[in-house]
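Atoms within a ligand are numbered from 1 in the order they appear, just like the ligands themselves.
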Amino acid sequence: MHIDSSHPRAISLKIRERLVWGVKNGLTSVAGLIAHGRGEAFDYLLGEKINEFAKNSIIVAAAYLTLAKHPILSVNGNTAALAAREFIKLAKVLDTKIEVNLFHYSLERVRKIEKYLKKLDTDSVLESSRNPRINIPQVASARKIVLQEGIGNADVVFIPLEDGDRAQALVAQGKKIITVDLNPLSRTAQTATVTIVDNIVRTMPMLIEKVNKLKNAPKNRLEKIISEFNNTENINLALHYIRNRLSR
Ligand code: PTJ
């Protein structure tokens, strides 16, 4: 569908079209459209912009990713459609890999997403066909199927757009979890080490910029950024923001 840029909701409509494209091309699940609708509702309440609490957490996420020994970026059907190029850019700056990990699991869709990412860049993707798979204990969904060399070995895991039990299980394994979720109340938002309450489309460019900035920073500066951050307090800022917007 052609969307005129002068339409008052052009950006939002273009993002929707991107997901429709993802579904048509077998990257995004049909349920991904529903998940996006939930995200849109929260985005409306957040004013559809990057707020201060999101900026704070993006800097902290950049510090964690920069300090990590084995960071990994987890992509699902929604993030593949909305931010594949940015995931590849981030993988490059961090010198790390992307792993496809799905909730509505099918090997066919995993392969399609991997193929799509590989077309954009040949070596940023950890291929499921070449890497041993393991199961994360205590995860009820197919999200438990991960690659040993990816999420299995990672110390910092970037898992945007999920409301599930995987974050909790990974935190229990001692990993640091970074998520992006427009819903500050989702289970993943509530259990992650760093929760970026923002739209993935807005977050990714800023996250790449911040990682680039912090890449050569001294270790103690990165540790200071991390130690001064409290995820619960930051999520509360997002909730207060929504409440104030509603009462106004
Ligand atoms: O491709 P699959 O099979 O792995 O499935 C992907 C989805 C997203 C469908 C799957 O992970 C899922 O069902 O997710 P949930 O449990 O609906 O959680 C998705 C979360 O992401 C919700 O809390 C939404 O509010 C949030 N969300 C949706 N769109 C965006 C978003 N957060 C940030 N940016 C968005 N564009």
Side-chain angles (χ1 to χ4, degrees), residues 9 11-51 53-54 57-58 61 73-84 86-87 98-114 116-117 128 136 139-147 151 157-170 177-192 194-207 235 238-239 242:
R9 302 215 38 81
I11 296 174
S12 173
L13 291 174
K14 282 182 184 166
I15 297 173
R16 276 191 190 177
E17 281 304 305
R18 193 69 201 157
L19 283 168
V20 171
W21 171 89
V23 173
K24 283 186 182 155
N25 286 277
L27 304 179
T28 309
S29 70
V30 176
L33 300 176
I34 300 169
H36 184 72
R38 174 148 54 136
E40 271 189 351
F42 279 97
D43 208 5
Y44 215 80
L45 298 174
L46 289 162
E48 296 175 301
K49 60 180 167 60
I50 303 197
N51 291 292
F53 46 83
S57 51
I58 290 172
L73 313 180
S74 178
V75 157
N76 63 22
N78 285 46
T79 50
L82 293 178
E86 289 74 17
F87 265 80
I98 301 169
E99 171 173 346
V100 178
N101 182 280
L102 301 182
F103 178 62
H104 307 280
Y105 182 85
S106 83
L107 194 54
E108 190 196 350
R109 198 154 61 88
V110 171
R111 297 268 155 85
K112 272 196 179 154
I113 297 173
E114 287 177 351
Y116 172 61
L117 293 169
S128 53
I136 320 171
V139 178
S141 71
R143 279 191 187 120
K144 68 180 173 210
I145 310 164
V146 301
L147 302 180
I151 293 175
V157 191
F158 182 61
I159 46 167
L161 274 68
E162 71 159 54
D163 178 4
D165 47 5
R166 182 173 59 149
Q168 213 162 6
L170 293 174
I177 303 303
I178 299 164
T179 195
V180 182
D181 198 325
L182 283 160
N183 175 6
L185 297 169
S186 83
R187 265 176 311 171
T188 299
Q190 293 283 326
T191 38
V194 182
T195 303
I196 302 167
V197 183
D198 189 29
N199 195 317
I200 188 76
V201 173
R202 292 188 299 263
T203 292
M204 288 305 286
M206 186 177 274
L207 183 56
I235 290 176
L239 292 169
I242 291 175

Quick one: nearest non-hydrogen protein atom to [atom], plus distance?
atom                    : value
atom 17 (O) of ligand 1 : R38 NH2, 2.9 Å
atom 3 (O) of ligand 1  : R109 NH2, 2.6 Å
atom 28 (C) of ligand 1 : A35 O, 3.3 Å
atom 6 (C) of ligand 1  : N76 ND2, 3.6 Å
atom 5 (O) of ligand 1  : H104 CD2, 3.6 Å
atom 36 (N) of ligand 1 : N199 OD1, 3.0 Å
atom 1 (O) of ligand 1  : G77 N, 2.8 Å

message: Show, in sequence, the C-alpha distance, side-chain angles and deciding distance for F53 and V197, and conclude whether the side-chain contact (heavy atoms from CB on, under 4.5 Å) test is met.
response: CA-CA 8 Å; F53 46 83; V197 183; 4.2 Å; yes

Side-chain donor-acceptor contact under 3.5 Å, [X] with [Y]:
X    : Y    : result
E48  : S12  : no
E162 : T188 : yes
D181 : S186 : yes

query: Heavy atoms, side chains only, cut-off 4.5 Å: are Y44 and E40 in contact?
result: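 They are not in contact (no side-chain heavy atoms under 4.5 Å apart), so the answer is no.
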
- prompt: Which is it for R143 and ligand 1 at heavy atoms under 4.0 Å: side chain, backbone, both or neither?
  reply: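 Only the side chain of R143 comes within reach of ligand 1.
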
- prompt: Applying a 4.0 Å heavy-atom criterion (strictly less than), which segment of D198 is in contact with ligand 1: side chain, backbone, both, or neither?
  reply: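 Contact part for D198 vs ligand 1: backbone (N, CA, C, O).
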
Does the N or O separation between [X] and ligand 1 drop below 3.5 Å for any pair?
X    : answer
Y105 : no
G32  : no
D181 : yes
L182 : yes
F103 : yes
I200 : yes
N78  : no

Test side-chain contact (heavy atoms from CB on, under 4.5 Å) applied to K112 and E108, step by step: CA-CA 6 Å; K112 272 196 179 154; E108 190 196 350; 3.6 Å; yes

message: Is it the case that the side chain of D165 and the backbone of V139 share a donor-acceptor pair, with hydrogens and angles ignored and the cut-off at 3.5 Å?
response: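 Between the backbone of V139 and the side chain of D165 there is no qualifying donor-acceptor contact (under 3.5 Å).
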
message: I'd like to know if the side chain of N183 and the backbone of F42 have a donor-acceptor N/O pair within less than 3.5 Å.
response: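 No, the answer is negative, given that no donor and acceptor are paired below the 3.5 Å cut-off.
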
- request: Consider ligand 1: state whether an atom of it lies below 4.0 angstrom from any non-hydrogen atom of E40.
  value: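 It does not, in that no heavy atom of E40 comes within the 4.0 Å cut-off of ligand 1.
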
query: Quick one: does V201 get within less than 4.0 Å of ligand 1, heavy atoms only?
result: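 In this structure, V201 fails to qualify as a contact of ligand 1 - no heavy atom is under 4.0 Å.
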
task: Working to the nearest 0.5 Å, report the span between NZ of K144 and OH of Y105.
output: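 Going from the NZ atom of K144 to the OH atom of Y105 covers 11.5 Å.
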
message: Nearest 0.5 Å, please: how far is OG in S74 from CG in L161?
response: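 So the CG of L161 and the OG of S74 are separated by 10.5 Å.
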
query: Which is it for V110 and L102 under the side-chain contact (heavy atoms from CB on, under 4.5 Å) test, yes or no, and what are the steps along the way?
result: CA-CA 7 Å; V110 171; L102 301 182; 3.7 Å; yes

- request: Look at atom 27 (N) of ligand 1 and find which of L161, D163, T28 reaches it with the closest heavy atom.
  value: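 Heavy atom nearest to atom 27 (N) of ligand 1 belongs to L161.
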
query: Out of L82, L182, L207, which one pairs with I200 under the side chain to side chain contact (heavy atoms under 4.5 Å, CB included) rule?
result: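 Among L82, L182, L207, the one meeting side chain to side chain contact (heavy atoms under 4.5 Å, CB included) with I200 is L82.
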
- request: Check ligand 1 against L82 and write out every atom of the ligand that is under 4.0 Å from a heavy-atom position of the residue.
  value: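 In order of numbering, the contacting atoms are 36 (N).
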
